Amino acid sequence: MVPRKAALALTPKSRDIFQKIIAATGSEGIMLKYEMSTQHALRMAFKFDLIKDAKKELDDQDEGVSLEVLEDGVTPKPPSESMDDNLPKLYVHHAAFMKVLGGTIDVDFDSKTGDLTPKLFDREGNVMDPNA
């Protein structure tokens with residue numbers, strides 16, 4: 001079954017930054033994960049990982065979100081058109097899927113340090129707390 005809409009919306013800023021990172025690193029995509037924090041004990045965190053080999057690193061349950069837009073320059077490419085296009089994507093890890101479903105992702109990028117911080121918003125526009 002092919003979903004009609006992507007699991008997660010991307011802001012234009014996040015879409016642009018993800019495309020630049022993928023182009024600069026030669027990776028096959030970016031994985032959004034939901035896992036234990038490495039900085040804070042007993043806390044969960046959203047994390048990005050680069051995908052170097054999609055065949056080895058992706059699971060059938062991970063869902064791809066296209067980084068491309070349609071000809072209008074605004075509308076995200078739907079899953080039905082992007083599923084088999086062999087273009088790099090933002091993948092939502094199966095462990096993060098239900099946590100971020102229907103949300104929007106934005107990023108804060110510090111060009112001085114290179115830190116990339118995910119900001120996820122729920123359907124109402126509230127910041128998602130990974131521990132809520």
Side-chain angles (χ1 to χ4, degrees):
M1 182 171 131
V2 179
R4 292 184 299 154
K5 187 176 172 186
L8 188 64
L10 290 98
T11 63
K13 176 182 168 187
S14 65
R15 185 180 311 275
D16 182 54
I17 288 175
F18 292 149
Q19 288 172 331
K20 287 178 181 176
I21 290 171
I22 290 168
T25 60
S27 62
E28 295 184 19
I30 296 175
M31 176 72 76
L32 172 64
K33 293 183 174 183
Y34 176 65
E35 55 190 32
M36 291 294 293
S37 173
T38 57
Q39 298 175 347
H40 304 286
L42 304 175
R43 302 229 359 129
M44 297 298 289
F46 294 113
K47 177 183 170 189
F48 292 120
D49 279 338
L50 293 175
I51 299 171
K52 291 295 185 184
D53 186 352
K55 289 180 175 50
K56 291 182 182 176
E57 297 177 51
L58 293 178
D59 186 288
D60 288 340
Q61 296 176 347
D62 298 332
E63 181 146 342
V65 178
S66 179
L67 298 175
E68 308 299 318
V69 292
L70 298 177
E71 286 92 29
D72 65 5
V74 178
T75 307
K77 195 172 179 183
S80 60
E81 292 181 30
S82 66
M83 183 177 263
D84 296 319
D85 64 6
N86 294 321
L87 294 172
K89 295 175 180 42
L90 169 69
Y91 291 91
V92 179
H93 189 270
H94 58 274
F97 185 81
M98 292 304 293
K99 186 73 175 174
V100 302
L101 183 62
T104 300
I105 190 164
D106 196 7
V107 291
D108 278 334
F109 181 68
D110 186 337
S111 58
K112 293 176 184 168
T113 64
D115 288 342
L116 184 68
T117 307
K119 294 191 317 185
L120 286 118
F121 300 94
D122 63 17
R123 292 179 185 172
E124 288 80 38
N126 302 309
V127 175
M128 283 188 207
D129 179 357
N131 293 291

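Keep in mind it's a predicted model, so treat the numbers as computed, not measured.
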_Is the ring pair Phe48/Phe18 parallel, tilted or perpendicular, if the boundaries are 30 and 60 degrees?_
perpendicular
Indicate yes or no: at least one non-hydrogen side-chain atom of [X] is less than 4.5 angstrom from one of [Y].
| X | Y | value |
| --- | --- | --- |
| Ile30 | Leu50 | yes |
| His93 | Leu32 | no |
| Leu10 | Val65 | yes |
| Met36 | Arg43 | no |

For residues 101-109, which side-chain donor-acceptor pairs fall under 3.5 Å, sequence neighbours excluded?
{"from": "Asp106", "atom 1": "OD1", "to": "Thr11", "atom 2": "OG1", "distance (Å)": "2.9"}

*Should side-chain heavy atoms under 4.5 Å link Ile, Leu, Val, Met, Phe, Trp and Tyr, which residues sit in the same cluster as Ile51?*
Met31, Leu58, Tyr91
_I'd like to know if Glu35 pairs up with Lys47 as an ion pair, taking the criterion as any Lys NZ or Arg NE/NH1/NH2 lying under 4.0 Å from an Asp or Glu carboxylate oxygen._
yes
*asked:* Could you measure the distance from the CD atom of Glu124 to the CG atom of Asp122? Nearest 0.5 Å is fine.
replied: 5.0 Å
*Rounded to the nearest 0.5 Å, how far apart are NZ of Lys119 and NZ of Lys13?*
5.5 Å
Using only atom types and a distance under 3.5 Å, with no angle test, would you say the side chain of [X] pairs donor to acceptor with the backbone of [Y]?
| X | Y | answer |
| --- | --- | --- |
| Thr25 | Ile21 | yes |
| Lys20 | Arg15 | no |
| Tyr34 | Pro130 | yes |
| Glu63 | Val92 | no |

*Is the count of non-hydrogen atoms from other residues, nucleotides or ligands lying under 6.0 Å from Lys5 atom NZ greater than 12?*
no
*Check the surroundings of atom CG in Asp53: do more than 12 heavy atoms from other residues, nucleotides or ligands lie under 6.0 Å from it?*
yes
_Exactly one of Asp84, Asp85, Asp72 should register a salt bridge (Lys or Arg N to Asp or Glu O under 4.0 Å) with Lys77. Which one does?_
Asp85
